[in-house]
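Report on one structure; see the data block that follows.
Residue numbering restarts at 1 for every chain, and letters A, B, ... go by the order of the sequence lines.
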Number of protein chains: 2
Amino acid sequence: MRDPLPNFPGYALRRAANATAAELSARLADTGLRQSDVSVLMLIAANPGVTASAVGRQLGIERANMVPLLKRLEGLIDRAPIDGKSQGLALTAAGRARLSEARKVVEGFEAELLARVPPEHRDHLLPALEALWR
Amino acid sequence: MRDPLPNFPGYALRRAANATAAELSARLADTGLRQSDVSVLMLIAANPGVTASAVGRQLGIERANMVPLLKRLEGLIDRAPIDGKSQGLALTAAGRARLSEARKVVEGFEAELLARVPPEHRDHLLPALEALWR
DNA sequence: TATTGTTATACTCTATAACTATA
DNA sequence: TATAGTTATAGAGTATAACAATA
């Protein structure tokens, strides 16, 4: 079948993102975490005391969507009041343990992704992608 | 803020796909078509008489999801029975006209996307992406 | 005035299961 | 048996509007 679409970088981007997201989701199933959960946990781990709003801004997640996400992570995240309206987030011991599991899955998967890219293109992938959204 | 996530190609892929999809959707608003609509119209235009199932297979769209999609494109697509259970799809005159509009938007956008990528990385984007899903 | 956290809501995309009819 | 078209449904991801309380 004639198919001109794969020649469009935007289309290839969508297909690649879709395929890899589905694969990572399947691999994360055992941890009970979603990709967005893991990214939030990673950001909190790297920045203890950060607010939910700041996490959302950094990851491109709307404030409103942080609420159910953090609710799903109950027990893994600790909330400590900063002032009357802000709360600092940090991982609990359980949160660190779960993140440690998830991190193995994610980092293994990311390494595999890079390995799938032919060597001559490999180092160009990340800079090219970053130019499209940063 | 410390943020290790942009160093993950899978994460960058998701962010880039998300950002570009939102932008293209906004640009397509005037045409009344979605990205998936345009990709379906393009595939039918390139392969007159193709079945809905074949289009879905090629584009990674489930058969079941082709039904409301084609219903949305009523008037743009013509269905002719091939045998008792299959229908061949083709564009109507209106379909060709709408696709012509949408094609300008999409091709302009795709060219802009490539232009955003630094020249030394540009030619590597498409091959690298294709390695991730093909 | 701007920001935080929150509630409610809606739209899109995608996936699965199941059914009918035909090849 | 496998495939085409269809219906119904559910899960994610994402977006907006609006509100109260606080900076």
- Message: The criterion is side chain to side chain contact (heavy atoms under 4.5 Å, CB included); which residues satisfy it with Ala12(B), sequence neighbours excluded?
- Response: Leu126(A), Leu129(A), Trp133(A)
- Tell me which of Glu62(A) and Thr51(B) sits closer to the 5' end of DNA chain D, going by the nucleotide each one is nearest to. Thr51(B)
- Near DNA chain D, under 4.0 Å by heavy atom, which residues of residues 14-39 of chain A? Arg34(A)
- Set of side-chain hydrogen bond (donor to acceptor under 3.5 Å, both in side chains) partners for His124(B), sequence neighbours left out: His121(A), His124(A)
- Whole-Å distance, Ile61(A) CD1 to dT4(C) P, equals 15 Å
- So where does chain B start and stop touching DNA chain D, 5' to 3', when the test is distance under 4.0 Å to a non-hydrogen atom? dA2(D) to dT14(D)
- Item | Partners meeting side-chain hydrogen bond (donor to acceptor under 3.5 Å, both in side chains) with Arg79(B) (sequence neighbours left out) | Gln87(B)
- Query: Any sub-3.5 Å donor-acceptor pair from Arg63(A)'s side-chain atoms to Arg57(A)'s backbone N or O?
  - Reply: no
- Listed in order of residue number, which residues of residues 63-91 of chain B have a non-hydrogen atom at under 4.0 Å from DNA chain C? Ala64(B), Asn65(B), Asp83(B), Gly84(B), Lys85(B)
- Message: I'd like to check the side-chain hydrogen bond (donor to acceptor under 3.5 Å, both in side chains) partners of Asp37(B); sequence neighbours left out, ordered by chain and number.
- Response: Arg72(B)
- For residues 20-29 of chain A, the salt bridge (Lys or Arg N to Asp or Glu O under 4.0 Å) pairs (sequence neighbours left out) are Glu23(A)-Arg27(A), Glu23(A)-Arg116(A), Arg27(A)-Glu112(A)
- Which salt bridge (Lys or Arg N to Asp or Glu O under 4.0 Å) pairs, counting each pair once, include a residue from residues 83-103 of chain A, with sequence neighbours left out? none
- With Ser25(B) via side chain to side chain contact (heavy atoms under 4.5 Å, CB included) - residues at least two apart: Gln35(B)
- Message: Once salt bridge (Lys or Arg N to Asp or Glu O under 4.0 Å) is applied, what residue pairs with a partner in residues 117-134 of chain B remain, sequence neighbours excluded?
- Response: none
- List in chain and number order the residues that pass side-chain hydrogen bond (donor to acceptor under 3.5 Å, both in side chains) with Asn7(A), two or more places apart in sequence or in another chain; answer none if no residue qualifies. none
